[in-house]
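Structure, as structure tokens:
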Protein chains: 2
Amino acid sequence: MNGRKNGNKRITLKMIAKIVGVSTMTVSRALNDNKHVDEGTRRKVRETARELGYFPNYIAKSLVQQRTQTIGVVVPEIAHSFFAQAVKGVEEEAWERGYQIMLTHSAEDTRRETHGARALASKMVDGLIVSTAESGSDVEFFKSLIKGGLRLVFFDRCIYDIGASCVSIDDVDSARRATEHLIDGGYRRVAHLRGSLALSIGRNRLRGYRDALAERGVPADDDLVVETAIHEHGGYEAMKKLLALPEEKRPDAILAVNDTSAFGAMMAIAEAGLRVPNDVGVVGFYNDVRADLMPTPLTAITQPAREIGKIAARKMLAHIEDDSLPPENVLVPTELIVRASSTRDAGSSPAASI
Amino acid sequence: MNGRKNGNKRITLKMIAKIVGVSTMTVSRALNDNKHVDEGTRRKVRETARELGYFPNYIAKSLVQQRTQTIGVVVPEIAHSFFAQAVKGVEEEAWERGYQIMLTHSAEDTRRETHGARALASKMVDGLIVSTAESGSDVEFFKSLIKGGLRLVFFDRCIYDIGASCVSIDDVDSARRATEHLIDGGYRRVAHLRGSLALSIGRNRLRGYRDALAERGVPADDDLVVETAIHEHGGYEAMKKLLALPEEKRPDAILAVNDTSAFGAMMAIAEAGLRVPNDVGVVGFYNDVRADLMPTPLTAITQPAREIGKIAARKMLAHIEDDSLPPENVLVPTELIVRASSTRDAGSSPAASI
DNA sequence: TTGTAGGCGTTATCAA
DNA sequence: TTGATAACGCCTACAA
């Protein structure tokens, strides 16, 4: 249970000092490229350090310097492509600046998110990059972290106005554009599989959807807004609810909060004997690899995950370098990738056939 | 550049001690559920700790206890589904035991792998879980880490016989079964898109492929073994080389070292005007989500990534708990998922039509 | 039950 | 150029 295997004591500055016959400070200076060291001494120190296989103890260094060169990262699901890409972006940017990342996933669970963040804070990360859990976040806890001096940057799923930066797409505008695309394509009863209102993406995409309806003069129908979990089964279940509506109330298009739920919805649509896009148009968010491979390729708003991760990391490093830097909400541009799932064959839609 | 924001000093045991009017040791004991503390004292300490928003400094704790409750992880590509899943498995298992993970990716590069591992070792991780880079590994470096007392567990891509544990599928046997499946399906000129020989998976899968040929009495042809990078473009390029062979030498089946290169190969096959599976059968490794979604679904050997990650983490925790535990090579069972890419229509193959 | 002393491995600071 | 000393925040060991 102790740190090292029996016998193999880790080499320390003190050991090298004893061998070379100088003080630990001289060794420290020699190894850290400090100018005020005799070249001969430096050579000797370097050599024995290499021979002994010395490498510095960053824990000790961190304790005295009060920084760990480590960034904590909390994501809801490591294995989801979007977050995996984002984490990669963070890691790349951190690596280039000599930082490591400490990764925790919350499994979309509030308690795990809080515990994970607390654990990383206890390990004295220089900052915390977080994307919040579907089941909601303990806002007061994050506030207290900030009050305690911890730097905090959210990405994709943010908590606003508590003094943290946020890096995300413009969810409202993106959802509006996607909805307008459906309406302009002749769809009249556009439904929204919305995300949890505990998530910024859930609230903002819902708002964009509603804005689009209002702007296009399409009457809003609350029956057409159904909550979905962000996974495939969630989309499937939510879609079944919509399909259970009386015929005249059923949607002819779906704006899904993300690709995964859109895939689930497409399954439910197929099971009901309906077809995409002629009976039901579908649009998702993210642009998953599968979007292009589905029997009917999926139209989607892109979320440049890796880029978002990179920007979040850069933002964090900027905050670390300058603690007086004010928090900022960074919006990353998106594109609407139009594929077959939202473009009816000419003349084949009920609406178009009027 | 200093650790905390201006003014907001982190709360320490000493501060709590001063406020409550006891020694730091009493505070430490009270907060760590030590029995020998008066209940009244404990209550007071707990209360002020909570009020002040205290949480322990694990850096200091780690320094004195000589363990960090942190496991380092080095993977070649965070964003590849296999590794993302594996990392998730590691994180889950670590989390349950109160460990965090520190994640680095090598980008398939030897130098980054070495630097990353060294950085994590410097941060005093209690152990290192590694999957090696395509460009090869600095074996001597890993040996020196082990000699220095660092616990090391490889997964998927291992370095054998240096005193580290390894968790992977049985690559030799899996490749043999996949190759036999192709031969038994009537394919006669089975080629292998092999991985780098710097990787255990590259060497082992090649061996399994050769074993199968030998066992089935199929003559081996070195022209049919071509190296591929593990990404899509690699598979595409490698396949083009095979298709450039004189007609009578061309393969009628491909064992690809992984799914991604198999997808690339399938693109090249389609571009050449050939068809999967009737002209060319294809088998991959991993069972990516895309396998089922391709125009011709891909037959593949499964690699239970998350499970592999979990087992690797458990192995690491076992090594941490008991330093005398000998290293072990753990083999995780696989399945061959047969899909359309390796099953010719009856009577349509040149071989079957004889 | 509580406190004191010392040290984990490193660096900042000041003195030589 | 080098070294002695103290400190980072906590815990182990021992003493009271």
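Note on naming: letters A, B, ... go to the chains in the order of the sequence lines (proteins, then strands), and numbering restarts at 1 for each one. Computed from a predicted structure; not experimentally measured.
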Atom [atom1] of [X] and atom [atom2] of [N]: how far apart are they, to the nearest Å?
X       : N       : atom1 : atom2 : answer
I59(B)  : dA7(D)  : CD1   : C1'   : 16 Å
R10(A)  : dG7(C)  : CZ    : P     : 21 Å
M25(B)  : dG9(D)  : CE    : C1'   : 12 Å
Q65(A)  : dC8(D)  : CD    : C1'   : 11 Å
K61(B)  : dG9(C)  : NZ    : C1'   : 19 Å
M124(A) : dG9(D)  : CE    : P     : 9 Å
K14(B)  : dT4(C)  : NZ    : C1'   : 14 Å
H36(B)  : dC11(D) : NE2   : C1'   : 15 Å

Are side-chain N/O atoms of S137(A) and E113(A) paired as donor and acceptor at under 3.5 Å?
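A donor-acceptor contact under 3.5 Å links the two side chains.
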Using a heavy-atom cut-off of 4.0 Å across all strands, would you classify [X] as base, sugar-phosphate, or nothing?
X      : value
S62(A) : nothing
T24(B) : nothing
L13(B) : sugar-phosphate
V37(A) : sugar-phosphate

Could you tell me if R10(A) sits above the aromatic ring of F55(A), with its cationic atom closer than 6.0 Å to the ring centre and no more than 45 degrees from the axis?
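Cation-pi check for R10(A) and F55(A): passes.
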Can you find a pair of side-chain heavy atoms, one from I101(B) and one from V125(B), that are under 4.5 Å apart?
no
Any idea which of dC10(D), dG9(C), dG3(D) is nearest the T12(A) side chain?
dG9(C)
Taking only the side-chain nitrogens and oxygens of [X], find out if one of them lies under 4.0 Å from OP1 or OP2 of [N].
X      : N       : answer
T41(A) : dT2(D)  : yes
Q66(A) : dA7(D)  : no
Y54(B) : dC10(D) : yes
S28(A) : dT11(C) : yes

Using the rule salt bridge (Lys or Arg N to Asp or Glu O under 4.0 Å), only one of E91(A), E92(A), E321(A) pairs with R97(A); which is it?
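For R97(A), the salt bridge (Lys or Arg N to Asp or Glu O under 4.0 Å) check succeeds only for E321(A).
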So, the side chain of S122(A) versus the backbone of A119(A): is there a donor-acceptor pair under 3.5 Å, distance only?
no
